Amino acid sequence: MKCVLETIIVEGRYDVNTLSQCVDAHIIETSGFGIFNNKEKRRLIERLAEKNGIIVLTDSDGAGLVIRNHIASFARGRVKHAYIPEIEGKERRKSSASKAGFLGVEGMTPDVIINALRRAGATFTDEPERHSAGITKQDMYAMGLSGGKKSAEKREAIAKKLDLPKDMSANAFLAAVNMIFTREEFEKAANECVI
């Protein structure tokens, strides 16, 4: 499995599943056009672009282009664009092809995805652990941020302090923290939030 340093931005959860099977990278989904109304997610993507860079990988249809252009309009920093080829067909889970008649990111093979990322200038590395913040699921549990009463409230308070999207699952919260902050920065914010 190829490790990619940049965070990859895709449209939906099925795209996340497909990418997760061929690259070791942080992957953020836009929830399709949901990115237009989600200021917190836009801010997260901006911060990721500034920190390690992002790669935008959307479908080859009109909706994908609109989402790609919207991200390019607000994300500053290192933004790379990966393009999948226009391959006619439909994904297995769908009963019919898309309006454009092309496969989306979720329908691409690992080779096609790797080649698209390579053409975009993705930074491939052999190191599976690229981010050194070091917050683990065990740390989250020990801090009362997962697996307990008020865990969601505690995560939300820290997310607000760190200017992260609220309402993230414990796993999404952990991934965002480890992408952006050092362990010390996170612990400081956590200690300042009392619930």
Side-chain angles (χ1 to χ4, degrees), residues 1-58 67 70-71 74-75 77-78 93 105-106 123 125-195:
M1 185 174 291
K2 300 282 187 184
C3 298
V4 177
L5 180 63
E6 296 88 355
T7 299
I8 303 172
I9 312 298
V10 296
E11 293 179 58
R13 68 177 182 262
Y14 293 105
D15 301 334
V16 172
N17 291 342
T18 298
L19 258 71
S20 297
Q21 295 173 32
C22 58
V23 293
D24 177 13
H26 291 293
I27 305 166
I28 302 285
E29 68 167 289
T30 67
S31 302
F33 289 123
I35 190 68
F36 287 89
N37 298 319
N38 192 330
K39 292 178 184 177
E40 294 172 328
K41 191 170 276 188
R42 285 198 311 263
R43 178 66 186 129
L44 175 62
I45 291 171
E46 279 183 287
R47 292 170 79 184
L48 293 169
E50 292 167 1
K51 179 96 174 169
N52 287 329
I54 62 170
I55 299 173
V56 181
L57 178 62
T58 59
I67 293 166
H70 181 66
I71 293 169
F74 68 78
R78 297 178 299 176
R93 70 176 180 87
V105 170
E106 72 173 278
T123 307
T125 175
D126 295 330
E127 302 169 22
E129 283 298 321
R130 299 167 310 283
H131 304 281
S132 61
I135 303 298
T136 66
K137 287 185 179 186
Q138 291 82 8
D139 294 329
M140 295 270 291
Y141 182 78
M143 297 171 86
L145 299 173
S146 66
K149 292 181 182 179
K150 297 192 176 190
S151 292
E153 292 174 34
K154 290 178 182 179
R155 282 195 311 274
E156 192 169 314
I158 296 171
K160 184 176 181 180
K161 176 92 175 149
L162 295 173
D163 195 24
L164 292 172
K166 60 182 180 188
D167 300 328
M168 287 192 286
S169 68
N171 287 338
F173 179 83
L174 178 63
V177 164
N178 280 328
M179 283 187 271
I180 298 173
F181 302 101
T182 65
R183 182 180 187 92
E184 293 76 24
E185 291 168 332
F186 174 74
E187 287 177 344
K188 181 177 185 244
N191 290 333
E192 291 173 0
C193 292
V194 178
I195 297 258

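What you see is a predicted model; the values in this text were computed from it and never measured.
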Fill in the blank from the handout: Only one of Val105, Ile54, Asp15, Val23 passes side-chain contact (heavy atoms from CB on, under 4.5 Å) with Ile8, and that residue is Val23
Exercise for the section: List the steps and the verdict of side-chain contact (heavy atoms from CB on, under 4.5 Å) for Leu164 and Glu40. Expected result: CA-CA 6 Å; Leu164 292 172; Glu40 294 172 328; over 6 Å; no
Exercise for the section: Could you tell me whether Glu192 and Lys188 make a salt bridge, using a distance below 4.0 angstrom between a side-chain N and a carboxylate O? Expected result: yes
Handout entry: Distance in Å, Asp24 CG paired with Leu19 CG, rounded so as to fall on 0.5 Å steps
Key = 11.5 Å
Completion exercise
Taken in chain and number order and not counting sequence neighbours, the residues that satisfy side chain to side chain contact (heavy atoms under 4.5 Å, CB included) with Ser151 are Arg155
Exercise for the section: Among Ile9, Asn38, Thr7, find the one that has a side-chain contact (heavy atoms from CB on, under 4.5 Å) with Ile45. Expected result: Ile9
Fill in the blank from the handout: dist Ile158:CD1 -> Met140:CE (nearest 0.5 Å) comes out at 8.0 Å
Problem - Heavy-atom donor-acceptor pair, Lys51 side chain to Ile180 backbone, under 3.5 Å - result: yes
Handout entry: Evaluation steps, side-chain contact (heavy atoms from CB on, under 4.5 Å), between His26 and Asn52
Key = CA-CA 11 Å; His26 291 293; Asn52 287 329; over 6 Å; no
Problem - Full working for side-chain contact (heavy atoms from CB on, under 4.5 Å) between Val177 and Glu185 - result: CA-CA 9 Å; Val177 164; Glu185 291 168 332; over 6 Å; no
Exercise for the section: Report the distance from atom NZ of Lys154 to atom CZ of Phe173, rounding to the nearest 0.5 Å. Expected result: 12.0 Å
Practice task
State which residues pass salt bridge (charged side-chain N to carboxylate O under 4.0 Å, His left out) with Glu29; sequence neighbours excluded, sorted by chain then number.
Solution key: none
Practice task
Would you indicate whether the side-chain heavy atoms of Thr18 and Val10 approach each other to under 4.5 Å?
Solution key: no
Exercise for the section: May I ask you to test the Ile135-Met143 pair for a side-chain heavy-atom distance under 4.5 Å? Expected result: no
Practice task
Find the distance between CG (Leu145) and NZ (Lys150) and round it off to the nearest 0.5 Å.
Solution key: 14.0 Å
Problem - Heavy-atom donor-acceptor pair, Arg47 side chain to Asp163 backbone, under 3.5 Å - result: yes
Practice task
Calculate, to the nearest 0.5 Å, the distance between atoms CD1 and CD belonging to Ile35 and Glu11 respectively.
Solution key: 11.0 Å
Practice task
Determine the interplanar angle of the Phe74 and His70 rings, folded into 0 to 90°, and report it as parallel if under 30°, tilted if 30 to 60°, perpendicular if over 60°.
Solution key: perpendicular
Handout entry: Phe36 atom CZ: more than 12 heavy-atom contacts under 6.0 Å
Key = yes
Practice task
Output the distance between atom CG (Leu48) and atom CD (Glu46), rounded to the nearest 0.5 Å.
Solution key: 10.0 Å
Problem - Donor-acceptor side-chain pairing of Asn17 and Ser20 below 3.5 angstrom - result: no
Fill in the blank from the handout: Scanning both residues in full, the closest heavy-atom pair of Met1 with Cys22 reads CG-O, 3.6 Å
Exercise for the section: Assess whether atom CZ of Arg43 is packed by more than 12 heavy atoms of other residues, nucleotides or ligands within 6.0 Å. Expected result: yes
